[in-house]
Every structure is written in C-alpha cells, then in structure tokens.
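Every chain is numbered from 1, with letters handed out A, B, ... down the list of sequences.
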Amino acid sequence: MIASVKGTRDLLPPETRVWNRVEAAAREVFALYGFDEIRTPALEATELFVRSVGESTDIVHKEMYNFTDRGGRSLTLRPENTAGVARAYVEHALAQAGRPWKLYYIGQQFRYERPQKGRYREFRQIGAEVLGPADAATDAELLVMLFDFLGRLGFTGLSVSLNSVGTEATRPAYVEAIRSFFSSNEKTLGDDDRRRLAENPLRVLDSKDPAVQDLVASENFPRMVDLLPTLDPAADAHHRELKALLVASKVPFKENPLLVRGLDYYTRTVFEVTAAGLGAQDAILGGGRYDKLVADLGGPRTPGIGFAIGEDRLVDILPEKFRKEAIEGARRVAVIPLERADVGESMTLAESLRKDGILVDLVTAAKGPGHGLKVAKKTGAALAILLGQEEREKGIVNVKDLARRTQESLPRLGLAAALRARL
RNA sequence: GUGGGAGUAGCUCAGUCGGUAGAGCGUCGGAUUGUGGUUCCGAAUGUCGCGGGUUCGAUCCCCGUCUCUCACCCCA
C-alpha cells in the first residue's frame with residue numbers, strides 16, 4: 001500500500017463539507033468588506049522567502065521544501081502566502097492602480113516540520129492582506145472583519161492579543177535594550193534562549209522557560225510599548241488610535257506587550273488569537289503589519305497588513321453547531337428503482353426533482369428494495385422514493401421517511417412540493 | 001533536528017510467560033427473490049507496520065527503520 005506522505009492527510013467526506021462551509025463563510029464575509037480573492041502559485045523562487053520571511057527564521061533555514069528543478073532553478077513550496085501576495089503585487093505593478101488592494105487567499109502551505117497536534121507538513125491557510133493604506137483604521141477594519149468571520153462560525157469568547165513591535169528604525173534600539181537586560185542575567189538563559197538572543201532576540205519574549213518568563217514579565221524588562229512614545233511617536237500614536245478604534249468597534253482584544261511574531265517582516269501592529277483545545281499549537285491565527293516587505297521585494301514602498309488563519313486548527317476546534325449543520329447539510333432524497341425496468345423512469349423522476357431544487361441521490365444497482373433502503377439510509381438520505389412497476393402504472397411513488405420509518409403513497413403530480421414539505 | 005508513547009481484520013481493541021491469532025462493530029450470503037434499522041444462521045477477513053538478529057521455531061525477545069501520536073524547537 002502506498003500511504004499519504006508524512007505530515008499530509010486526506011480530507012474525506014463528510015469532513016470536506018465542514019471545510020467547504022468554512023471557506024464559503026470566509027468568501028462571503030471577506031466580500032462584504034471589499035476583499036477579492038488572489039491565487040498565487042504554490043511554487044515560488046526560494047529567494048522570495050529568504051528575502052521576506054527572513055534568513056534568521058527556522059522556517060527559512062530548516063523548514064522549507066526546496067529543490068532544484070531541471071532547469072537549475074532553486075524553487076520552494078510556499079511556507080506561507082504573504083510573500084507570494086507581495087511578490088504578485090510588485091510583479092503586476094498593482095501600485096500603479098492608485099487604489100488600496102484588499103486581497104484574500106485560501107490555500108495549501110508547506111513546511112518540513114515534525115508533525116504533531118495542529119501541525120502538518122501540508123496545511124491550509126485562509127488569509128487576507130491590505131496593501132497600500134497604513135492608517136490605524138485599516139488595521140482596525142481588518143480585525144473587525146476577522147471577528148465577523150469568527151463570529152459567523154459560532155466562536156464566542158475569543159480575543160485577539162495585540163502589540164506593537166515598532167519599526168525598522170526602532171528595532172535596533174529595542175534589540176539593544178533586550179540584550180543589555182539579559183547581559184546581567186545570562187546564566188539563567190538556556191541553550192535555546194541563548195541562541196535566540198543571538199539570532200532573533202525578540203523571540204526570547206516567547207520563551208517557554210519559566211525562569212525566563214519570570215524575567216521577561218518583571219518590571220524592569222524593556223517593553224516596546226513603553227519605549228514607543230520616545231523612540232517612535234508616530235508608531236505610538238498609531239497603536240493608541242488602533243486600540244481606541246477596536247474599543248469603539250467592540251473587537252475583543254487584550255494588550256500583550258510580550259507578543260512577538262516569528263516572521264522577520266512584521267512592523268508596528270502584530271496580533272494573534274489563541275484558543276484552548278489545540279494542545280501546544282494553540283495559535284489559530286496570527287498577523288500584523290509589514291510596512292517594508294513590498295519595498296524589500298523591489299517594489300515601491302507600500303505598507304501592508306494581513307493575517308493568516310490556520311484552517312486545519314480552526315476546523316479542529318470549530319463550534320459543534322456549525323460542524324453539525326455543515327455535515328447534515330441540506331436534506332436529501334434517495335430514488336430507488338425496484339427493478340432494472342424502473343431505472344429509466346427513476347432517472348427521469350430524479351432529474352425533474354433536481355430541476356425543482358431537490359437534492360436527489362439515485363440509488364442504482366440496488367439488490368432489491370431492502371438493500372436499496374439500507375444504502376439510502378447509510379448515505380444519509382432523509383427520504384427514500386421507491387419506484388416499481390405498480391407505482392408506474394398508478395402514477396404514484398412510495399415515499400419513506402427513513403427516520404420515522406413511515407411510508408406513504410404520493411402522486412407524481414406535484415411531488416416536488418410534497419417532498420419539500422416533508423424535508 | 002531532539003525526546004516520550006504507539007503500530008494486531010475496514011473500525012475499536014483483546015491475546016500469545018516464544019509453538020504463525022480472536023472479540024465486538026462493520027462487510028458479504030441466507031432465513032425473507034417489492035420494503036431496511038430488531039432477530040436468527042452461515043462466511044470471508046490479517047505477509048500481527050517493514051527489514052534484520054537470536055532461536056528448532058518470533059506477532060511476542062533484541063537491533064534498525066518507517067508511520068502515527070504527544071512534547072521540544074518553530075509557527076498557522
């Protein structure tokens with residue numbers, strides 16, 4: 001047997017119904033906010049991720065599926081989708097349109113990691129990006145849209161963690177402050193945190209080491225939000241305006257001065273939503289502003305902000321009501337011809353019912369009515385229509401309610417309406 | 001890349017102190033050839049994850065490996 005490759009999985013019915021409903025809700029909500037879909041290739045030049053996601057990240061130096069193609073090009077299966085969107089923005093000179101671009105995507109991403117709960121090598125993300133505007137209202141609107149979407153899925157009690165990590169201009173000063181703080185506490189740092197401090201200092205704020213967590217939570221630990229008013233008054237004003245807008249829009253958020261993001265391109269606003277029930281991988285979505293990314297990719301200096309939702313994780317903790325409704329879906333009718341001679345008539349009947357908008361599953365190859373009913377029940381039909389010689393001659397059908405175990409004879413004329421009343 | 005747990009029938013699992021395996025559910029056939037879910041009878045399940053070692057003999061012990069799973073790392 002050939003099995004699916006490590007860290008990938010098949011999504012089978014009826015689970016695919018749930019995924020489809022989630023994606024349909026995303027498309028619906030995002031459209032309401034003026035977003036359009038963008039589809040970028042799963043395969044990109046390796047250089048794209050090196051320059052955007054950043055060489056200091058694990059994603060780039062050990063988690064990418066990259067290979068050299070037959071033409072000698074270094075290609076990579078995208079580990080995230082923001083870089084691809086930014087690349088397309090530059091490549092197609094979208095800046096020339098003189099308008100903000102509000103884009104969303106739904107698609108597979110690939111990272112070569114050890115799989116665990118909520119973490120796969122092939123996973124799906126639903127994301128949105130706004131390219132152009134840099135004002136706080138853009139950030140706020142994006143989060144309003146996000147919670148509109150989450151609310152539609154039935155999530156309650158979720159809240160977004162919010163922080164500002166400053167800009168490219170202020171980052172070095174902040175990193176310096178972090179390093180000097182730890183210079184006196186270096187011995188409490190483990191190997192991982194020592195490495196972080198050297199390679200990607202902001203990540204130390206994310207440490208799971210209790211001793212380090214205590215230090216980071218202590219009063220004299222430098223926090224970006226505290227430094228912002230002096231280091232970068234504009235970013236500080238942006239941050240404060242965003243918070244005010246979120247309060248006004250009733251977006252549930254919590255300030256978290258220790259929140260940082262793993263990707264190098266984030267500036268100013270960063271946010272994350274975590275949820276219970278996902279084990280150690282508890283972030284269902286993350287995002288932030290990336291005001292320098294487009295310029296880094298050779299485009300015109302264009303600010304941007306976006307989020308990416310881990311669809312696999314989202315589906316994993318989806319409220320039961322939404323999941324149930326998606327799986328049960330529209331109620332269906334099974335049409336069961338009793339004999340071979342009844343198949344033609346059954347197909348005609350099925351077609352006419354479908355024209356009236358009824359979901360019909362024609363059960364062919366049934367070995368007798370008993371077997372046909374069994375199959376109908378197993379495929380989840382609500383009603384079963386039995387059609388044989390006797391029914392054909394009388395111009396009726398026998399309709400069984402599979403849940404109630406009742407049967408009644410109904411005339412062929414006006415059958416669709418009669419069925420709809422029973423579905 | 002590191003560490004823990006697990007791999008036996010389609011599914012959930014039991015079992016053999018080393019003598020090539022069983023239950024329930026499901027599937028298939030029949031009782032009932034135009035009416036299912038109840039009941040009864042019968043049948044098929046499977047290189048016991050894969051490879052090697054020890055042994056007269058390994059599903060069981062040992063080693064390796066793969067996959068799943070949880071955690072670290074990292075992140076959605």
Interatomic distance at [atom1], [N] relative to [M], whole Å:
{"N": "B/G18", "M": "B/U59", "atom1": "P", "answer": "13 Å"}
{"N": "B/A14", "M": "B/G24", "atom1": "P", "answer": "16 Å"}
{"N": "B/A43", "M": "B/G52", "atom1": "P", "answer": "36 Å"}
{"N": "B/U69", "M": "B/U32", "atom1": "P", "answer": "49 Å"}
{"N": "B/A9", "M": "B/G46", "atom1": "C1'", "answer": "5 Å"}
{"N": "B/U55", "M": "B/A71", "atom1": "C1'", "answer": "39 Å"}
{"N": "B/C61", "M": "B/C17", "atom1": "P", "answer": "11 Å"}
{"N": "B/G51", "M": "B/G15", "atom1": "C1'", "answer": "25 Å"}

Report yes if at least one side-chain N or O of A/R261 is closer than 4.0 Å to OP1 or OP2 of B/A76; otherwise report no.
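Yes.
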
Does B/C75 have OP1 or OP2 under 4.0 Å away from a side-chain N or O of A/R203?
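Checking B/C75 against A/R203, a side-chain N or O does come within under 4.0 Å of OP1 or OP2.
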
Test: [X] and [Y] ion pair at under 4.0 Å:
{"X": "A/R152", "Y": "A/E28", "result": "yes"}
{"X": "A/E351", "Y": "A/R354", "result": "yes"}
{"X": "A/R412", "Y": "A/E345", "result": "yes"}
{"X": "A/K254", "Y": "A/E272", "result": "no"}
{"X": "A/E113", "Y": "A/R119", "result": "yes"}
{"X": "A/D206", "Y": "A/R203", "result": "yes"}
{"X": "A/E44", "Y": "A/R78", "result": "no"}
{"X": "A/R422", "Y": "A/D401", "result": "no"}

Would A/R111 count as a cation-pi partner of A/Y65, with NZ or CZ less than 6.0 Å from the six-membered ring centre and within 45° of the ring normal?
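Negative - A/R111 is either too far from the ring of A/Y65 or too far off its axis.
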
Whether A/R9 engages the ring of A/Y120 as a cation-pi pair (distance to the six-membered ring centre under 6.0 angstrom, angle to the ring normal within 45°) should be assessed.
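Yes, A/R9 lies over the aromatic ring of A/Y120.
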
Do A/R313 and B/C75 share a donor-acceptor pair, side chain to base, under 3.5 Å?
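For A/R313, whose side chain was compared with the base of B/C75, there is a donor-acceptor pair (under 3.5 Å).
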
Can you check whether any acceptor in the base of B/A76 is under 3.5 Å from a donor in the side chain of A/R111, or vice versa?
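Indeed there is one.
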
In this structure, which stretches of RNA chain B are paired as stems of three or more consecutive Watson-Crick or G-U pairs, both distances less than 3.5 Å?
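Result, WC/G-U stems under 3.5 Å: B:1-7 with B:66-72, B:10-13 with B:22-25, B:27-31 with B:39-43, B:49-53 with B:61-65.
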
What nucleic acid atoms does [X] come within less than 4.0 Å of, heavy atoms only: base, sugar-phosphate, or nothing?
{"X": "A/E272", "value": "nothing"}
{"X": "A/G127", "value": "nothing"}
{"X": "A/Q389", "value": "base"}
{"X": "A/G7", "value": "sugar-phosphate"}
{"X": "A/E390", "value": "base"}
{"X": "A/R195", "value": "sugar-phosphate"}
{"X": "A/L314", "value": "nothing"}
{"X": "A/I284", "value": "sugar-phosphate"}
{"X": "A/Y120", "value": "base"}

side-chain contact (heavy atoms from CB on, under 4.5 Å) with A/V225: which of A/N163, A/N256, A/L162?
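Exactly one candidate clears the test, A/N163.
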
Length of the line joining [X]:[atom1] and [N]:[atom2], which is rounded to integer Å:
{"X": "A/E113", "N": "B/U69", "atom1": "CD", "atom2": "C1'", "answer": "16 Å"}
{"X": "A/L373", "N": "B/U38", "atom1": "CG", "atom2": "P", "answer": "14 Å"}
{"X": "A/L259", "N": "B/C75", "atom1": "CG", "atom2": "C1'", "answer": "13 Å"}
{"X": "A/H371", "N": "B/G36", "atom1": "NE2", "atom2": "C1'", "answer": "10 Å"}
{"X": "A/L338", "N": "B/G36", "atom1": "CG", "atom2": "P", "answer": "12 Å"}
{"X": "A/K374", "N": "B/U35", "atom1": "NZ", "atom2": "P", "answer": "15 Å"}
{"X": "A/D206", "N": "B/C73", "atom1": "CG", "atom2": "P", "answer": "9 Å"}
{"X": "A/R121", "N": "B/C75", "atom1": "CZ", "atom2": "P", "answer": "17 Å"}

RNA chain B: A/Q125 or A/K6, which has the more 5' nearest nucleotide?
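Per heavy-atom nearest nucleotide, the more 5' residue is A/K6.
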
Could you pick out which residue, A/L387 or A/R119, lies toward the 5' side of RNA chain B when each is mapped onto its nearest nucleotide?
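It is A/L387 whose nearest nucleotide is closer to the 5' end.
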
Quick check for you: among [options], whose closest atom lies nearest to any side-chain atom of [X]?
{"X": "A/P115", "options": "B/C70, B/A76, B/U69", "answer": "B/U69"}
{"X": "A/Q281", "options": "B/U67, B/C72, B/G36", "answer": "B/C72"}
{"X": "A/K400", "options": "B/G36, B/C75, B/C72", "answer": "B/G36"}
{"X": "A/K117", "options": "B/C70, B/U67, B/A76", "answer": "B/C70"}
{"X": "A/Q116", "options": "B/C75, B/A71, B/U35", "answer": "B/A71"}

Taking the six-membered ring for Trp, are A/Y104 and A/F35 closer than 6.0 Å centroid to centroid?
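Ring centroids of A/Y104 and A/F35 are no less than 6.0 Å from each other.
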
Which value, rounded to the nearest 0.5 Å, describes the distance between A/Y174 atom OH and A/D226 atom CG?
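It is 8.5 Å, given to the nearest 0.5 Å.
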
Can you tabulate the close N/O pairs, meaning under 3.5 Å, that link protein atoms to atoms of nucleotides 3-13 of chain B?
unit_1: B/G3; atom_1: O6; unit_2: A/R114; atom_2: NH2; d: 2.9

